[in-house]
Amino acid sequence: MPNDHVTEALAILRARDAEYGARAEARVRAIYGDDTSLDSYDFAHSSQRDEQITQRTDWVHQGWLRPLRFVYRHLPKPLKFAARRIAR
Amino acid sequence: MTRPVLIVTDAAAGVGGELERSARSLLASRLRPSHWLVPGSRAEHERITRSRWFRTSRITVTRGDVPLPDDSVVVFLRSGDELMPDALDLIVANIDEHPDVGFLYGDSIHDQGLRFEEPPRVLRPSWSPERLRSHAYVGDLIVSTVGVSRRAGGLGLLATAHPHDRALRLAECADSHARITEVLYRSTRERMMPAASARAVREHCERLGIAAECDADPVLPVVRVRRRVTARPLVSVVLPTRGTRGVIRDREVVLAANALHTLRSRGTYPHLEIIVVFDHDTPGLARDEIRSAAGDGATLVEFDEPFNFAKKVNLGVVHSRGEYVLFLNDDTEIVTPDAVETLLGLLADPGVAMAGPLLSYPDGLIQSAGHVLNPVPYDLYRHRSPDIAGAQHLLRVQREVSGVIAAFALVRRTAFDEVGGLCEQFPSNYNDVDFSLKLYDAGYRVLWTPHAHVQHFESSTRSPILQPFEVATIGARWRDRLDDDPFFHPALERYLSIWKENVTGQRALSDALGPTAPIASK
């Protein structure tokens, strides 16, 4: 394929992409303002399989909470229900 | 003025006591329905419908046709299911806000939870027509209008139809479809998995003129729809590479040559055009091997710029002539011989622009069952066993997804051109996420299928490190979509690659993994 045609076809693709990108960016700005940063999002820094999170530990199952869970499990029922009511 | 609300329950489908459960839930509803149509009711049911509670409730109970205006709301409620007290409020508010919606569904809970656990909840993705052909993922409770129900065959027919048949008929006649991300009804644990009927799907395909074979899965209640691809359009295979060598099954190979060789020898699709975009520094020996694997008539395009996957793909596509483009990474290997035909079948639907297969690692674990944005882009069920069926059998059905990996994906060429190809601002990561979202912006859908299977030795040929500017660009363009993926659910746990409800306990995890059942087509 002649080089001119290739350059032209790539330029058309780039222009179409820019059009879609600009429309998407305008929509995002309309919702979030100028702060479109994803700093607060928890991105894995690599796409390699070992670095991807596949399952998180529920906060309640963290090791240091084990004694508290034990105590809660053995509370008398009225106290346990009261604790659950408060938690809700 | 409040719209009349008609509840339709097939009494004949229930057994003693079940109708009473539904009846009590209607009486407990905050917004009372105006009518309750109970076809097939017998004397034992009339004990309930003629009870004092009903006589004083202002709910008109009937067994025959109901003369109501076309915009009245119809709620199909299975005998035995209980409407949640605020469900009708939510439904009517939603239809008032979007009057063109003719098909509405929501979540459900099933029985009581175990001790200290929430009851099991089925969370449903947003409108997915291809998935509905595989099973009634929308559940048993469907909301429509009297007008749509009449066009779909009438209330009498719909009330007694199989849930899958009812859902398909209503979906065909509705102009717009929506979901409510709230629990609308309570059902039994046995009703947790979606029903499926191959006969209903066959009739649906006939009504819509879809030429397809519809086969029920022998193990799970799902239907596989294989569209017949009579024409053999030219598929342009675009493979970017730099001639990397790798070890596959204890043998050192040029990865690109291996990918092309397996595609041509194992794959059964005959009408392929191969375009290889290789880096300037690709070793001569590797070039020769690639040329030999690509066969006569292949186009080899040299790329003399710093690494940019998106740019290389675009360069390959502008050299292609095919009606369809197959993105092929050099670190892939086709497993199911008819993978290209399967993806072509999905693209026979003019609304679908891209389709991708099940990708797996060499050790057999799933690499991707489609993208999910929750809120960062993840591959669904990554690192999970392919033997699990997933929540609601989602790993066994072809369905709409927010995106698929560009390692092996078939794209409609016109759609590729329309959205400007892959964005060159993503040289390494997220170019496929961005491309899929652009396709949705252009009004197309992206599908994933478990019936085409490809192995992916991921990132064997490039750096896996995520660049901060790629994250910034994806945020600037698509932060709203990352926060609200229609094929995700707000009540699911975020930052997970599985469809797991955001609650603690083992039950949610086992529901997310679903039953263990091999893919029948393999």
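We name chains A, B, ... by the order of the sequence lines, and we start the count at 1 in each one. Computed from a predicted structure; not experimentally measured.
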Enumerate, atom names and distances included, each donor-acceptor pair closer than 3.5 Å involving a side-chain atom of residues 20-31 of chain A, sequence neighbours excluded.
| unit_1 | atom_1 | unit_2 | atom_2 | d |
| --- | --- | --- | --- | --- |
| R27(A) | NE | D480(B) | OD2 | 2.7 |
| R27(A) | NH1 | D441(B) | OD1 | 3.4 |

Exercise for review: Say whether Y41(A) and R494(B), considering side chains only, have a donor N or O and an acceptor N or O under 3.5 Å apart.
Suggested key: no
Practice item. Please look at L315(B) and chain A and tell me whether the side chain, the backbone, both or neither of the residue comes under 4.5 angstrom of a heavy atom of that chain. Key: both
Check your understanding: In terms of heavy-atom proximity below 4.5 Å to chain A, should F435(B) be classed as side chain, backbone, both, or neither?
Key -> neither
Practice item. Could you have a look at G421(B), P468(B), A476(B) and say which one has the most heavy-atom pairs with chain A under 4.5 angstrom? Key: A476(B)
Practice item. Determine the option with the most heavy-atom pairs under 4.5 angstrom with chain A, choosing from Q367(B), E424(B), Q425(B), K311(B). Key: E424(B)
Review point. Quick one: does D483(B)'s side chain get under 4.5 Å of Y32(A)'s, heavy atoms only?
Key: yes
Point to revise | Residue pair L38(A) / R479(B), side-chain heavy-atom distance below 4.5 Å | key: yes
Check your understanding: Are L13(A) and V318(B) close enough, and set up right, to give a side-chain contact (heavy atoms from CB on, under 4.5 Å), and what steps lead you there?
Key -> CA-CA 9 Å; L13(A) 284 182; V318(B) 299; 3.9 Å; yes
Point to revise | Spacing of I12(A) atom CD1 and N314(B) atom CG [to the nearest 0.5 Å] | key: 12.5 Å
Check your understanding: Around atom NE2 of H74(A), are there more than 12 heavy atoms of other residues, nucleotides or ligands at under 6.0 Å?
Key -> yes
Check your understanding: Looking at R16(A) and E418(B), does any basic side-chain N land under 4.0 Å from a carboxylate oxygen?
Key -> no
Check your understanding: In chain order, what residues pass the side chain to side chain donor-acceptor pair (under 3.5 Å) check against D434(B), with sequence neighbours excluded?
Key -> R477(B), W478(B)
